[in-house]
Amino acid sequence: MAQSAQEIEKKAGASDDLIVVDGLKKYFPITGGIFSRIVGWVKAVDDVSFTIKSGETLGLVGESGCGKTTTGRVILRLLEPTEGHVEFEGQSVFDLTREELRRLRRDMQIVFQDPYASLNPRMTVGDIIGEPLEIHNVARGKEKDNRVRELLEIVGLSSLHARRYPHEFSGGQRQRIGVARALALNPKLIVCDEPVSALDVSIQSQVLNLLEDLQEEFDLTYLFIAHDLSVVRHISDRVAVMYLGQLVEVADENELYENPLHPYTEALLSAIPIADPTVQKGRERIVLTGDVPSPTNPPSGCHFRTRCMHAMDRCAETKPPLKDLGDEHFVACFLHV
């Protein structure tokens, strides 16, 4: 049985957790037949536990469809959980009333992946950024306009851009607008849902540097979701690797990249291109066989066993626990536990 997030952090000696996720599950129903009865479940998130300390960035990585985005949205309660527990500053997120959750929204915000779909094309940039201020009765009128202009300048845009519409901006500029909207209410946590994956490489670095500068200036905490491991290493303090709805490894950024322990993590890291051809030539590329199993019917025991070159009989019988191997390096693999 996997350790709970509280047990993990108790061993690690942490006491400054902003977010505690314990046993989180999110299943989506599959319906069929004339009466649309439930005939199965898509297990998008299946028993996930982790914590995020105040002021740090936790990178959540994995292949497309592994449940990263769903995890972030359930934490914010944009999706209702199937099972599990999430605490924000010691307060249970899932037990809040609608009004209590509305107040909590000021402290928990999100930057969406697609800068084109996440902004209302019928609203001006000023209205988009200022809308949260009005909804939460933070500022109106001239005070709101001043705050909008301030936010635009903070994210590297001009205050004159407030009168323009989203279609007048590039992808990188639109994502800056999304960041400004997330900052409007002075949040403590921002879920960054692949915020640079839709941008050109030259623009990605600018947005990443902006996020780092904002974190230092406003003492922000990030859950940074991405599939690009080089991007995650640039911005994260710790990295959690996810496969088919479950965490397989969690470690400090340097420790994970220099000493990966789970076979899936090793395969992901071996696929990262390296600029130095002499180093690249001597690297061993790990190519995984087979396809990713369906989340509607995941393999028994270890979900990765059907593609793992080290799979043993016990991997099919029992789910390996996420175990601390020292220095807050957790891995769920029978090779190490």
Side-chain angles (χ1 to χ4, degrees), residues 44-46 48 50 57-72 113-114 192-205 207-209 211 222-295 298-299 302-312 315 320 322 325 329-336:
V45 181
D46 194 13
V48 167
F50 61 84
T57 298
L58 176 68
L60 186 60
V61 302
E63 293 171 291
S64 296
C66 71
K68 307 183 299 296
T69 292
T70 302
T71 299
Q113 176 179 355
D114 190 346
C192 301
D193 184 12
E194 302 205 36
V196 298
S197 63
L199 307 179
D200 294 338
V201 175
S202 59
I203 305 301
Q204 286 183 6
S205 60
V207 174
L208 289 173
N209 290 335
L211 290 172
Y222 292 145
L223 173 60
F224 193 91
I225 299 169
H227 61 265
D228 188 332
L229 289 166
S230 58
V231 168
V232 171
R233 184 171 194 178
H234 178 78
I235 196 171
S236 300
D237 299 305
R238 288 188 302 138
V239 179
V241 182
M242 198 168 186
Y243 181 80
L244 207 63
Q246 298 183 344
L247 293 184
V248 297
E249 190 164 2
V250 183
D252 174 81
E253 167 260 322
N254 288 323
E255 172 67 15
L256 186 100
Y257 281 77
E258 295 173 6
N259 183 34
L261 297 179
H262 197 280
Y264 178 60
T265 309
E266 293 178 344
L268 289 179
L269 293 177
S270 74
I272 300 177
I274 295 179
D276 188 343
T278 59
V279 176
Q280 183 72 25
K281 186 177 180 180
R283 295 176 73 210
E284 179 185 356
R285 174 74 168 92
I286 301 175
V287 180
L288 298 178
T289 59
D291 298 323
V292 179
S294 170
C302 175
H303 286 183
F304 185 64
R305 66 177 175 81
T306 58
R307 304 174 72 194
C308 181
M309 66 291 290
H310 305 296
M312 302 174 284
C315 298
L322 191 65
L325 301 184
H329 193 156
F330 302 88
V331 64
C333 181
F334 287 125
L335 290 174
H336 304 284

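The structure presented is a predicted model; accordingly, all values stated were derived computationally and were not measured.
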Output all residues satisfying side chain to side chain contact (heavy atoms under 4.5 Å, CB included) with [X], sequence neighbours left out; order by chain, then residue number.
| X | value |
| --- | --- |
| A240 | L58, L60, L247, V250 |
| H310 | P263, C308, L335 |
| S294 | T296 |
| A267 | I286, L288 |

Shortest non-hydrogen separation from [X] to [Y] and the atoms involved:
| X | Y | result |
| --- | --- | --- |
| L322 | A332 | CD1-N, 3.8 Å |
| T306 | P299 | CG2-CG, 3.8 Å |
| R305 | C315 | CD-O, 3.5 Å |
| G72 | I225 | CA-CD1, 4.2 Å |
| P195 | L211 | CG-CD1, 4.3 Å |
| D291 | R307 | O-CD, 3.6 Å |

Please confirm whether the backbone N or O of [Y] pairs with a side-chain atom of [X], one donor and one acceptor, at under 3.5 Å?
| X | Y | answer |
| --- | --- | --- |
| K68 | E63 | yes |
| D252 | N254 | yes |
| Q113 | S197 | no |
| Q204 | V196 | yes |

**OP:** Any salt bridge (Lys or Arg N to Asp or Glu O under 4.0 Å) involving residues 223-233? Give me the pairs, sequence neighbours left out, ordered by first then second residue.
**Re:** R233-E253, R233-E258
If the condition is side-chain hydrogen bond (donor to acceptor under 3.5 Å, both in side chains), which residues does [X] pass it with, not counting sequence neighbours?
| X | answer |
| --- | --- |
| Y222 | none |
| N259 | E255 |
| T69 | D193 |
| T57 | Q215 |

For residues [X] and [Y], determine if any side-chain heavy atom of one lies less than 4.5 Å from a side-chain heavy atom of the other.
| X | Y | result |
| --- | --- | --- |
| S230 | Y257 | no |
| V241 | L256 | yes |
| T71 | F50 | yes |

From [atom1] ([X]) to [atom2] ([Y]), nearest 0.5 Å:
| X | Y | atom1 | atom2 | result |
| --- | --- | --- | --- | --- |
| I203 | L208 | CD1 | CG | 11.5 Å |
| S64 | E194 | OG | CD | 6.5 Å |
| L325 | H336 | CG | NE2 | 7.5 Å |
| H234 | F224 | NE2 | CZ | 9.0 Å |

Original post:
With H262, which residues qualify under ring pair (Phe, Tyr, Trp, His ring centres under 6.0 Å), at least two apart?
Top reply: F304
